[in-house]
Every structure is written in structure tokens, then in C-alpha cells.
Novice: 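Have a look at this one.
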Amino acid sequence: MVPASLTENFINKLVTIYPNPTTGSFSIQLNSNEKHTLEVIDLTGKTVHQQIIENGNAFIDGNILNNGIYTIKVYNNSGAISKKLVILK
């Protein structure tokens, strides 16, 4: 079994969200240039934003989102990674 801290460190190197927490807009950087789909999911499970990432970087205008905790899901045919994002305005 792989220790949770090693798995978390591996995931943190694959997907970087900054700033986090944020007061609005944020960026996502992937450790890959492959095409991925990005979803921003609220606490009710509703997808509130979706876009394609083609070059490993994405900028999201979080000003359209309410305060709260969101799940950022990044996926392609190889798998999926989910991370938390906090928006505080």
C-alpha cells in the first residue's frame, strides 16, 4: 500500500491551482501538455464550469462563482484528478 502522503504529493505535482484560496480568478497548471477536460463542481455536485485544457495551462474567471468550496476535476482518457478550491470574496 502506498502512503497517503506520497499519493498526495504525486497529485500535487500533476495539477497546480493558484492562488488557492482565491478571491476570484485562478489558474490551473498541469504537468502534461495532453488534452484534458476541466470541471468546476460545487458542493451540491453540479458542474458550474467546464472547459478543455490543450496546452497544460488554463485561466478561469472565478468572479462568476460564489464564495465556497469547489472540486476541480481534471481528466482525460488516462484518468482523473480532483482537488479542492476555496473562493473567498
Side-chain angles (χ1 to χ4, degrees):
M1 178 179 259
V2 177
S5 60
L6 288 178
T7 303
E8 185 174 323
N9 286 337
F10 179 71
I11 289 172
N12 285 334
K13 290 180 181 178
L14 292 176
V15 177
T16 305
I17 302 171
Y18 57 93
N20 189 13
T22 183
T23 57
S25 300
F26 57 97
S27 296
I28 296 180
Q29 184 175 9
L30 306 179
N31 191 11
S32 168
N33 285 326
E34 294 179 24
K35 184 176 178 181
H36 288 76
T37 300
L38 162 77
E39 291 184 1
V40 180
I41 303 165
D42 69 14
L43 287 177
T44 68
K46 178 182 175 189
T47 298
V48 294
H49 178 79
Q50 184 175 25
Q51 75 182 62
I52 301 297
I53 303 174
E54 301 226 25
N55 62 359
N57 295 298
F59 179 80
I60 292 87
D61 181 4
N63 292 312
I64 61 171
L65 302 172
N66 295 322
N67 284 350
I69 299 171
Y70 294 85
T71 299
I72 305 298
K73 182 177 178 183
V74 179
Y75 60 93
N76 66 7
N77 293 337
S78 300
I81 294 174
S82 295
K83 294 184 81 170
K84 297 293 181 198
L85 170 73
V86 176
I87 296 183
L88 302 169
K89 297 182 183 179

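Bear in mind that the values here come from a model prediction, so they are computed numbers and not experimental data.
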Novice: In Å, rounded to the nearest 0.5 Å, how long is the span from CG of L38 to CD of Q51?
Specialist: 5.0 Å
Novice: Run the side-chain contact (heavy atoms from CB on, under 4.5 Å) test against S27 and tell me which residues pass, sequence neighbours left out.
Specialist: Y18, F59
Novice: Assess the side chains of T44 and D42: does a donor N or O sit below 3.5 Å from an acceptor N or O?
Specialist: yes
Novice: Is it true that I41 and L30 fall in one hydrophobic cluster, defined by side-chain heavy atoms closer than 4.5 Å?
Specialist: no
Novice: Would you check if the side chain of T47 reaches a backbone N or O of H49 as a donor-acceptor pair within less than 3.5 Å?
Specialist: no
Novice: For G56 versus I53, what's the shortest heavy-atom pair and its separation?
Specialist: N-CG2, 3.7 Å
Novice: Using side-chain contact (heavy atoms from CB on, under 4.5 Å) as the criterion, list what pairs up with N57, not counting sequence neighbours.
Specialist: Q29, N55
Novice: Nearest heavy-atom pair of P19 and S25: which atoms, and what distance?
Specialist: CD-O, 4.1 Å
Novice: To the nearest 0.5 Å, what is the distance between NZ (K73) and CD1 (I81)?
Specialist: 12.0 Å
Novice: Nearest 0.5 angstrom please: L85 CG to Y70 OH, how far?
Specialist: 8.5 Å
Novice: Report the distance from atom CD of E39 to atom OG of S82, rounding to the nearest 0.5 Å.
Specialist: 9.0 Å
Novice: Does N77, at its CG atom, have more than 12 non-hydrogen atoms belonging to other residues, nucleotides or ligands within less than 6.0 Å?
Specialist: no
Novice: Please tell me if the side chains of N31 and V15 come closer than 4.5 Å, counting only heavy atoms from C-beta onward.
Specialist: no
Novice: Grab the two heavy atoms, one from V86 and one from N20, that are nearest each other, plus how far apart they are.
Specialist: N-OD1, 3.0 Å
Novice: Can you get from L88 to I69 by hopping between Ile, Leu, Val, Met, Phe, Trp and Tyr side chains that sit under 4.5 Å apart?
Specialist: yes
Novice: Please tell me whether K84 and T71 have a donor and an acceptor in their side chains that are separated by less than 3.5 angstrom.
Specialist: yes
Novice: If the condition is side-chain contact (heavy atoms from CB on, under 4.5 Å), which residues does N67 pass it with, not counting sequence neighbours?
Specialist: I87, K89
Novice: Applying the 4.5 Å side-chain criterion to the ILVMFWY set and letting contacts propagate, would Y75 and I72 be lumped into a single cluster?
Specialist: no
Novice: Is there side-chain contact between V40 and Q50, with at least one heavy-atom pair below 4.5 Å?
Specialist: no
